[in-house]
Amino acid sequence: MKLKNAYFYTLREDARDEDSISGNLLVKAGYIKKTSAGVYMMLPLGLAVQNKIENIIRRHMNETGAQEVKMPALIAAEYYEESGRMKGFGPSIFKLKDRNDKDMVLGPTHEELFAYAAKSMIKSYKNMPFNLYQFQTKFRDEPRARFGLVRVKEFVMKDAYSFDADEKGLHESYMKMFNAYKKSFDEMGINYRIVKADTGVMGGLLSEEFQAIAPLGEDTVIYCDDCDYSSNLEVAKTVRGEKHEKKDPLPMQEVETPHCESIEAVAKYLHIDMKDTVKALLMNVDGEFVVFFINGERELNESKVLKLLKASEISFADDALIATSNAVPGYCGPIGLNCKVVIDEEVLEMSNFCCGANKKGFHCINVNPSDIRYDVCGDIVNAKEGDLCPNCGKPLKFTKGIEVGNTFKLGTKYSKAMGLQYADVENKLQDVWMGSYGIGLGRTMAAIVEQNHDEKGIIWPENIAPYKYIILIMSSKDETQNKVANDLYDKLTDKGVEVILDDRDERPGVKFNDAELIGIPYRITVGKKAGEGIVEFKARTAEAAEELSIEELLKKIGVE
RNA sequence: CGGGAUAUAGCGCAGUUUGGUAGCGCGCUUGAAUGGGGUUCAAGAGGUCUCGGGUUCGAAUCCCGAUAUUCCGACCA
């Protein structure tokens, strides 16, 4: 690409409406351009990067024997009605009608269509296993688009689907994909961790996420340095590091706590430790009013709650729902409460604790587990700093991650829903075992930028960079420099080397800054010594440039 | 959806409180100088002040409504 006659621009100032480093840099460097909230254009440089990522993944997919296909994005709603996910996705699915008033959707993910495609292929156990994949645009009406390409409403995903006769086969197919994912992300130079995760709207038996480590990550990744344990916070088992001291129960007592509607205020007012308090959360679980009691220092983990109660939705209860019980917001306690009560298992270990008295302006102290009535007890809180590894008991570490890939053992959930069956050896009909595997391309691009940048701009890893080299002409009016640079450009291009020639009539400073902003790995500067056949070579990450003859340069690049 | 902020030239912003000729920086065009880190000088072009109503002699400015963007809380590649 020669910049003088190319679609190429950079911005001098930060984008006002970008809230992440990667989003800002990609916009500023002219890789992407926002058209509306959560929808971006991929400009030439952006598409070049996306293609790099795509090709790495494609190669590793093909190595496993998977076959590439392309499903439509416009899909009759009936497929999602059949699987029950029209409801599952709720408002996140883009719905529309065709001219005959037929309900259509823009596909948010494609399990249904792949199961439908598999039906044509699968008659008996002899037709499996196989694996299909695609690179395809997904549409999800996210409640809140943010962080540049990290959370958007339209994005390209590589999604793969495996089909096996039994669980053992699924496991083998799963491991193939899992390893291909590892190879792909390793090749891209991403710093990531693989964690156990919630299966969420996908359902199924197992979900593992590939989390790119980055401070702006939306997920909390928990891991242990002493063993290989790692997990998403949403499913990590809580193993408390600090045990509660068992004390002899004292008589329960009601105390006045005026204007103390938060547990912090109560603890402060009564001069007690937060860890000796129990707080209440008044929630709406699938329309039912449920009160949760957990240690005052903990946070409720909604994924665990949904799993424990086999429910599908949870939110804070509104006043009308609260009014169906005798709960007093701000002073809610488990004693005498006439609604469903769920407690965290930690509460049973506590003694002489403090909680709401269910009476405005009052809390109880010296409450003990024997004083309270509950319907369900389980692990319903988030692990936190100081907690221990469920595997080996060493202290856990916490970090933030961007989920760039996800693998699911779906089991027979979708084949059951879609009637995908096969005849086994005894000619009995059996459900097909499916797996599904996704990688977000734009999100991967964003994660790479989050992990590879400095104050000057992006620093692409070589495998991902849109171009590997950029040639800068220092003085655009100097004939010798122009000739040397153009000859070099032609030679490299002929050899298939990806190179940009900055032949614009700009000052050197502009060219240096742009080259650094767009993050090309290697810079070749053609300047004053061009007449002697000498140019400069500098890696984006190097401190200083080195002078090389053209011959030495070509040798270094490996074309001669 | 709940709550806060913003919308003025390609980009980033002032002007709105107190109504009275549409502004600044960067970028862009032309010319000149310069040519190794966003250079300098000179002359220019560019706006339906988000949209729709209203008040007023007069509205970017005041009032009402809509839309969009964005930030803080529940989903996912």
Side-chain angles (χ1 to χ4, degrees), chain A residues 9-19 23 27-28 30 33-39 53 57 88-93 108-110 135-147 149-160 181 197-202 207 209-212 217-219 232 234 283-284 300 302-303 306 312-316 318 401-408 436-447 456 472-478 481 505-517 523 525-530 535-536 538 545:
Chain A
Y9 69 87
T10 57
L11 303 177
R12 293 208 174 186
E13 285 174 88
D14 289 340
R16 191 181 61 134
D17 56 356
E18 288 298 337
D19 53 354
V27 167
K28 211 172 152 186
K33 179 178 168 73
K34 188 186 293 200
T35 63
S36 64
V39 186
I53 294 170
I57 299 168
F89 277 106
S92 295
I93 197 162
T109 170
H110 283 74
F135 291 91
Q136 224 263 6
T137 305
K138 308 293 183 201
F139 298 86
R140 293 183 192 175
D141 197 357
E142 293 286 343
R144 191 168 159 214
R146 60 178 157 178
F147 300 147
L149 295 180
V150 172
R151 181 172 292 278
V152 290
K153 297 195 179 208
E154 177 185 325
F155 60 97
V156 177
M157 189 202 284
K158 188 292 300 173
D159 45 328
Y181 272 35
D198 191 26
T199 50
V201 69
M202 304 292 291
S207 165
E209 296 171 339
F210 289 71
Q211 293 277 359
E218 298 178 285
D219 292 303
N232 192 313
E234 62 187 9
M283 309 299 286
N284 174 344
L300 187 70
E302 300 188 356
S303 297
L306 292 179
S312 62
E313 258 179 78
I314 182 166
S315 60
F316 287 109
D318 57 23
I402 299 170
E403 184 193 351
V404 290
N406 201 332
T407 52
F408 293 92
S436 90
Y437 317 89
I439 296 178
L441 301 196
R443 191 177 268 189
T444 300
M445 190 190 303
K456 290 173 175 167
L472 306 188
I473 303 173
M474 285 297 95
S475 177
S476 58
K477 295 214 167 49
D478 184 302
Q481 291 184 22
D505 183 16
E506 291 287 353
R507 305 269 307 182
V510 173
K511 297 187 179 185
F512 286 133
N513 281 314
D514 277 346
E516 279 152 359
L517 176 61
R523 185 179 85 193
T525 308
V526 178
K528 289 191 184 99
K529 293 187 178 171
V535 298
E536 278 168 31
K538 180 184 173 297

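The backbone N or O of A/Y437 lies less than 3.5 Å from a partner atom in the side chain of A/K158, making a donor-acceptor pair. Using a distance-only test at 3.5 Å, with no hydrogens or angles considered, a donor-acceptor pair links the side chain of A/R443 to the main chain of A/E403. Side chain of A/K511 to main chain of A/I473: a donor-acceptor pair is present (N/O by atom type, distance under 3.5 Å, no hydrogens or angles). Formation of a donor-acceptor pair under 3.5 Å by the A/Y181 side chain with backbone atoms of A/I57 is not found in this model. Between the A/E234 side chain and the A/D198 main chain, a donor and an acceptor come within less than 3.5 Å of each other.
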Apply side chain to side chain contact (heavy atoms under 4.5 Å, CB included) to residues A/R523 and A/E516 and explain how you reach the verdict.
CA-CA 9 Å; A/R523 185 179 85 193; A/E516 279 152 359; 3.3 Å; yes

Just do the side chain to side chain contact (heavy atoms under 4.5 Å, CB included) check on A/D14 and A/K28 with the steps written out, would you?
CA-CA 6 Å; A/D14 289 340; A/K28 211 172 152 186; 3.1 Å; yes

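Base engagement by A/D219 is indicated by at least one non-hydrogen atom pair under 4.0 Å involving a base atom. Residue contacts for A/G527: at a heavy-atom cut-off of 4.0 Å it reaches a base atom on one of the strands shown. Heavy atoms of A/T109 sit nowhere under 4.0 angstrom from any nucleic acid atom. Using a 4.0 Å heavy-atom distance criterion, A/G440 is classed as a base contact. Here A/T525 lies in heavy-atom contact (under 4.0 Å) with a base. Counting any heavy atom pair closer than 4.0 Å across all strands shown, A/K528 reaches a base atom. Contact annotation for A/N513: base contact, defined as any heavy-atom pair under 4.0 Å involving a base atom. A/E516 comes within contact range of at least one nucleobase, with a heavy-atom separation under 4.0 Å. Across all strands, A/D514 comes closer than 4.0 Å to base atoms (heavy-atom distances). Within 4.0 Å of A/M474, counting heavy atoms only, lies at least one base atom of the nucleic acid. Among the atoms of the strands shown, base atoms are found under 4.0 Å from some heavy atom of A/V152. A/F408 comes within 4.0 angstrom of the backbone, heavy atoms only, and of no base. Residue A/V156 is out of contact with every strand shown, counting any heavy-atom pair closer than 4.0 Å. When heavy atoms are screened at a 4.0 angstrom cut-off, A/V510 is found touching base atoms of the nucleic acid.
Contact of A/R140 with B/C75 (side chain to base): no donor-acceptor pair of N or O atoms is detected under 3.5 Å. Donor-acceptor pairing under 3.5 Å, judged by distance alone, is absent between the side chain of A/R146 and the base of B/U70. Residue side chain A/E13 reaches the base of B/G25 through a donor-acceptor N/O pair under 3.5 Å, judged by distance alone.
Base-pair partner of B/G2: B/C72 (Watson-Crick or G-U wobble, both distances under 3.5 Å). B/A32 is paired with B/U40 under the criterion used here, namely a Watson-Crick or G-U wobble arrangement in which both key atom distances are under 3.5 Å. The partner of B/A45 is absent, by the rule that a Watson-Crick or G-U pair needs both atom distances under 3.5 Å. Judged by Watson-Crick or G-U wobble contacts below 3.5 Å, the nucleotide B/U67 has B/A7 as its partner.
Phosphate proximity of B/U70 to A/K34: present, with a side-chain N or O under 4.0 Å from OP1 or OP2. Contact annotation: A/N406 reaches the phosphate of B/A77 (side-chain N/O to OP1 or OP2, under 4.0 Å). Taking only side-chain nitrogens and oxygens, A/R12 comes nearer than 4.0 Å to OP1 or OP2 of B/G27.
The side-chain ring of A/F512 is not stacked on the base of B/G38, judged by centre separation under 5.5 angstrom and plane angle under 30 degrees.
Taking atom C1' in both B/U70 and B/G27, one finds a spacing of 25 Å when rounded to whole Å. The same atom, C1', is picked in B/G38 and in B/C76; the two are 40 Å apart, to the nearest Å. Taking atom C1' in both B/U48 and B/A9, the straight-line distance is 13 Å, to the nearest Å. Of the C1' atoms belonging to B/A60 and B/G44, the separation is 26 Å, rounded to the nearest Å. Nucleotides B/G58 and B/U21 place their C1' atoms 12 Å apart, quoted to the nearest Å. When the C1' atom is compared between B/U56 and B/C62, the two are found 10 Å apart, to the nearest whole Å. Here the separation of B/A7 from B/U18, taken at their C1' atoms, is 23 Å to the nearest Å.
Mapped onto RNA chain B by nearest heavy atom, A/S315 and A/D505 fall at different nucleotides, with A/D505 at the one closer to the 5' end. The residue among A/E209 and A/R16 whose nearest nucleotide of RNA chain B lies closer to the 5′ end is A/R16.
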